[in-house]
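Every chain is numbered from 1, with letters handed out A, B, ... down the list of sequences. Being a predicted model, the structure only gives us computed values, none of them experimental.
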Amino acid sequence: MTSMNIQSVRETIADLLAERGQGTEFRDDESLFDSGRLDSIAAVNVLLALETEFGVDLSDPDFDVSRIDSLDEIKALLGATTS
Amino acid sequence: MTANFNIASSLQESFSAHPDNEALVAGAERYTYRTLRENVRRLAGAIRPCLTHGRVGIAASRSAEACIGILATAWAGGTYVPINLKSPEARLIELFERLELDALIVDWAGEKLLTPEVEKAAPGKIFRRGADRGAFRTLEAEIDAPHENDADGPAHVGPDHLAYIEFTSGTTGKPKGVMVPTGAVESYLDAMTAWYDFGPDDRAAETCDITFDLSVHNMLTTWKAGATLHVLRPLDMVVPARFIRAHGITTWLSVPSVVTMARKTGGLAPDSLPSLRISLFCGEPLPVETAEAWSRAAPNSIVDNIYGPTEATIACLRQPWTEGGLSTRERGIVAIGRPYPGMEARIVDAGGRTVADGERGEIALAGAQLARGYFGQPELTAERFPVIDDKRWYLTGDRGYRDADGVFHHLGRLDNQIKLHGHRIELEEIDMGLRDAAETDTAAAVAWPMANGTAEGVVGFYVPGERNGDRIRESLRKILPPHMVPGRIQSIDAMPLNANGKIDRNALTALLQQENSGSAAAS
């Protein structure tokens with residue numbers, strides 16, 4: 001994975017936070033969905049970004065959606081699937 | 001002793017019958033009926049001394065703490081009031097001032113709302129997550145395990161005791177708190193358990209936030225049966241089919257848009273959900289196409305449509321779909337069927353008179369499931385719950401008709417109340433926010449675009465005032481919760497008016513239609 005791609009995921013998340021009237025700052029280990037900061041519509045957007053940027057196959061039965069709750073988890077997921 | 005209508009009785013009874021069955025699974029946390037009851041008793045013991053009128057706020061996401069908080073409030077003899085986590089600070093403060101809560105229960109998502117200003121308006125007693133799983137603490141101390149002499153069962157309450165107050169969007173910009181008594185909940189559960197054989201081997205899914213009353217169905221039908229409730233986290237909502245497969249879910253109730261989501265994320269292949277045996281949909285019109293897709297994916301499941309406003313407790317009309325399904329052809333949606341036992345439905349005209357079968361009018365409801373009314377709003381309660389022919393009715397504001405066979409059909413909102421992604425929204429409330437945000441006298445919102453009679457977005461129109469475009473959205477976000485902020489905010493030179501001098505929303509919708517067909521023709 002390239003740092004540029006992760007940067008675009010970070011921007012997607014920041015945009016989604018802004019659209020929901022929240023500050024765009026978030027820590028890499030901060031819960032984004034379970035904490036209630038982002039909703040399921042936002043989750044679809046994040047998933048679509050992962051599909052576009054990294055070619056993550058959303059219909060793959062091994063893809064566990066509960067593992068994208070924080071940017072750290074997303075990085076770990078991508079590290080695992082792209083290696 | 002008369003029967004106990006406490007909604008926590010289900011927990012107590014299932015604990016007696018199946019103490020070691022799993023009752024609740026939320027993320028990595030799992031509770032049996034025994035451990036759930038212990039945690040509920042522990043918190044209830046701390047809540048009980050706080051109760052005066054009994055209202056306890058619960059600000060929580062989809063968590064075990066939310067469930068424990070609800071059950072503990074009921075167990076202690078209180079009334080739970082779910083607090084929307086997405087409320088802006090000013091709305092929260094106003095809500096706390098109106099409700100004068102005896103106590104507030106927060107999970108870690110709810111705790112984030114407690115800014116110094118919010119905490120000042122919040123009740124003095126706040127229960128937060130404790131050190132142990134499922135436990136709570138106050139600012140002073142952890143709450144200890146219950147003593148031997150603590151009450152062994154839930155507080156004894158009658159059918160008129162308020163189980164909960166659910167807030168919905170209000171026309172005056174003031175959210176309406178629907179007060180639902182335990183007797184109404186009991187009547188709902190009696191009807192559902194007579195139709196559906198929920199049992200201790202079932203695995204149900206919690207698909208809703210606690211601010212939506214479908215969550216009451218999911219919690220109580222499950223715990224009454226001694227079954228297991230699996231809570232979907234927000235991310236699970238994106239790929240619900242995956243969740244159903246992973247947990248072998250057998251019973252399901254959600255809004256139909258969850259199915260749309262499942263299809264979008266490629267998770268609704270034929271025969272892909274064999275574990276399901278009961279699937280119910282509620283909360284918005286159920287497109288026939290959606291019901292068919294779900295039936296194909298879940299071949300072992302019945303698929304039924306239930307209908308009803310929060311004011312008539314979760315749902316009070318039912319249309320079985322799998323067996324002899326009837327649709328409302330002009331809308332391409334499943335019919336809403338017939339009233340529950342103990343409930344009556346009528347189609348009335350503007351004067352409250354029943355109209356003939358086939359004629360369109362407003363859907364009115366009466367019977368055991370009616371709410372008591374709106375918290376602190378007696379005039380509004382009298383207006384929406386009028387007495388007609390010596391009986392108390394609720395006027396739903398939904399348009400519909402009854403066909404010659406006595407089956408009811410839903411045609412949409414009579415006024416401008418809409419459903420957007422499962423949220424009930426009054427367009428007038430958005431108007432109001434938009435007027436403030438744009439510093440103008442004239443603003444109006446319309447639902448757009450529409451698909452199968454369901455709103456998929458909102459467009460806000462305003463006549464330019466003092467503030468410019470970018471800053472309007474920014475200020476609107478401070479006034480309205482995110483789901484109410486229009487996807488598109490559009491300035492207009494003059495607002496179209498109807499014969500009564502009121503803003504003509506239909507003309508605004510026509511404008512958008514024109515624009516749409518224009519761009520379609522151009523491309």
Given a strict heavy-atom distance threshold of 4.5 Å, which part of His421(B) is in contact with chain A: side chain, backbone, both, or neither?
-> side chain
Between Ala43(A) and Leu235(B), which heavy-atom pair has the shortest distance, and what is it?
-> CB-CD2, 3.7 Å
Side-chain heavy atoms of Asp34(A) within contact of Trp108(B), under 4.5 Å = yes
Can you tell me how far the OG atom of Ser31(A) sits from the CZ atom of Arg233(B), to the nearest 0.5 Å?
-> 8.0 Å
Can you tell which part of Leu32(A) gets under 4.5 Å to a heavy atom of chain B, answering side chain, backbone, both or neither?
-> neither
Do any pairs count as a salt bridge (charged side-chain N to carboxylate O under 4.0 Å, His left out) and have a residue in residues 205-215 of chain B, sequence neighbours left out, and if so which ones?
-> Arg62(B)-Asp209(B)
At a heavy-atom separation under 4.5 Å, does Ala18(A) approach chain B through its side chain, its backbone, both, or neither?
-> backbone
Considering only heavy atoms from C-beta outward, does the side chain of Leu38(A) approach that of Pro234(B) to under 4.5 Å?
-> no
Who pairs with Phe243(B) by ring pair (Phe, Tyr, Trp, His ring centres under 6.0 Å), at least two apart in sequence or on another chain?
-> His247(B)
